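Start at 1 and go down the list; that is how both ligands and their atoms are numbered. These numbers were taken from a predicted model, which means no experiment stands behind them.
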Amino acid sequence: MRLKDKVAIVVGAGQTPGDEIGNGRATAQLFAREGAKLLLVDRSGEAAEATRAAIADEGGEAHVYRADISREDECRDAVAACLREYGRVDVLHNNVGIGTGDRGPASLSEEAFDHIMDVNLKGPWFMVKHALPSMREQRSGAIVNISSIAAVCASGLFGYKVSKAALNAMTHCLATGNAKHNIRVNAIMPGLMNTPMAVEGIASARGLDADAKRAMVEARDRQVPLGGKMGSAWDVANAALFLASDESRFITGVILPVDGGQSARIG
Ligand SMILES: NC(=O)c1ccc[n+]([C@@H]2O[C@H](COP(=O)([O-])OP(=O)(O)OC[C@H]3O[C@@H](n4cnc5c(N)ncnc54)[C@H](O)[C@@H]3O)[C@@H](O)[C@H]2O)c1
């Protein structure tokens, strides 16, 4: 019960449909198993509801709040809903991240770039902006931002990489600015994970058939130093649990790779 008596907002708590569990759903389930009461925020009410049902099956407590985090009013209302339901916010877990329409810098449209920035960067900031007042008042809080090793490793994805690098910078800025309020802000950089967002998402964006999808999975596995296999959503969830819990009470401003050693190659 490492999150006993804590209230957590998991943003992006649903998931892309697919064979494996996604990062947001695994994190929400693990937080609930460890005693947290949860507000599950997602643009897709249906996906968040499936997470809520899985948590309820295990005896946990969670409520769904449908919101598009690229809209500040919806982020403000999501935090207000959490305060109404539970009276506090101890943990804010910003999981949402997209790469919709991403291309190289010479062909990416302004519209796609803006949308990636709105969701990957402004969305987490809006959630933080509206969660900070109550965290400051209670003089405690833990914020976890889900970044990506794309922020620091070579990546063909221009908008996604820039948004995640900026999210890392935002994490540092928030950590230093809020330490005096006893609020910790850290980020996780997942590497190559076997999640539907990555596998089914990329396969459908590239129009891959079953054989090509299998080849892509094998190619992703080969790039991972530790065990030659992608990680799972539970690897991200376990790191998030540590950063959300009081076990990391002296840790803030950390950008933690969860990547099987992939980013260690760049030193
Ligand atoms: N899977 C990987 O290999 C990998 C690698 C590095 C980083 N990441 C990061 O992990 C995070 C996502 O992981 P996941 O497996 O949970 O993905 P996922 O796609 O399964 O789940 C993300 C959820 O976010 C929701 N969402 C999307 N846009 C939204 C919006 N505007 N407002 C509210 N909700 C929105 C979706 O409906 C979905 O339920 C992202 O930040 C991603 O960049 C993943």
Nearest-contact summary for [atom] - protein heavy atom, Å:
{"atom": "atom 21 (O) of ligand 1", "result": "Gln15 CA, 3.6 Å"}
{"atom": "atom 8 (N) of ligand 1", "result": "Tyr160 OH, 3.7 Å"}
{"atom": "atom 36 (C) of ligand 1", "result": "Asp42 OD1, 3.4 Å"}
{"atom": "atom 31 (N) of ligand 1", "result": "Asp68 OD1, 3.0 Å"}
{"atom": "atom 17 (O) of ligand 1", "result": "Met197 CB, 3.5 Å"}
{"atom": "atom 40 (C) of ligand 1", "result": "Asn95 O, 3.1 Å"}
{"atom": "atom 34 (N) of ligand 1", "result": "Arg43 N, 3.1 Å"}
{"atom": "atom 29 (C) of ligand 1", "result": "Val96 CG1, 3.6 Å"}

| query | What's the shortest heavy-atom distance between Ala47 and Gln15, and which atoms? | reply | CB-N, 3.6 Å
Atoms in ligand 1 with a heavy atom of [X] nearer than 4.0 Å:
{"X": "Ile146", "answer": "9 (C), 10 (O), 11 (C), 41 (O)"}
{"X": "Gly97", "answer": "40 (C), 41 (O), 43 (O)"}
{"X": "Met193", "answer": "1 (N), 2 (C), 3 (O)"}
{"X": "Ala198", "answer": "1 (N), 2 (C), 3 (O)"}
{"X": "Ser147", "answer": "7 (C), 9 (C)"}
{"X": "Ala67", "answer": "32 (N), 33 (C)"}
{"X": "Arg220", "answer": "3 (O)"}
{"X": "Gly14", "answer": "21 (O), 39 (O)"}

Heavy-atom distance to [atom]: which of [options] wins?
{"atom": "atom 13 (O) of ligand 1", "options": "Thr100, Asn23, Ile188", "result": "Asn23"}
{"atom": "atom 1 (N) of ligand 1", "options": "Thr195, Leu167, Val236", "result": "Thr195"}
{"atom": "atom 4 (C) of ligand 1", "options": "Ala28, Gly191, Ser148, Cys75", "result": "Gly191"}
{"atom": "atom 18 (P) of ligand 1", "options": "Val41, Val119, Thr16", "result": "Thr16"}

| Pro257 pairs by side-chain contact (heavy atoms from CB on, under 4.5 Å) with which of Pro190, Ser263, Cys153? | Ser263
| note | Exactly one of Ile146, Val152, Leu167, Leu256 clears side-chain contact (heavy atoms from CB on, under 4.5 Å) with Met189, and that residue is Val152
| Going through the distances and angles, do Asp68 and Ser70 end up as a side chain to side chain donor-acceptor pair (under 3.5 Å)? | CA-CA 6 Å; Asp68 176 349; Ser70 65; 2.8 Å; yes
Say whether, by atom type as modelled, one donor and one acceptor occur between the side chain of [X] and the main chain of [Y] under 3.5 angstrom.
{"X": "Lys180", "Y": "Gly177", "answer": "yes"}
{"X": "Asn186", "Y": "Gly253", "answer": "yes"}
{"X": "Lys213", "Y": "Ile202", "answer": "no"}
{"X": "Asn145", "Y": "Thr171", "answer": "no"}

[X], any N or O under 3.5 Å of ligand 1 N or O:
{"X": "Ser70", "value": "no"}
{"X": "Leu192", "value": "no"}
{"X": "Ile149", "value": "no"}
{"X": "Arg25", "value": "no"}

| Between Ser147 and Asn168, a side-chain donor and acceptor under 3.5 Å | yes
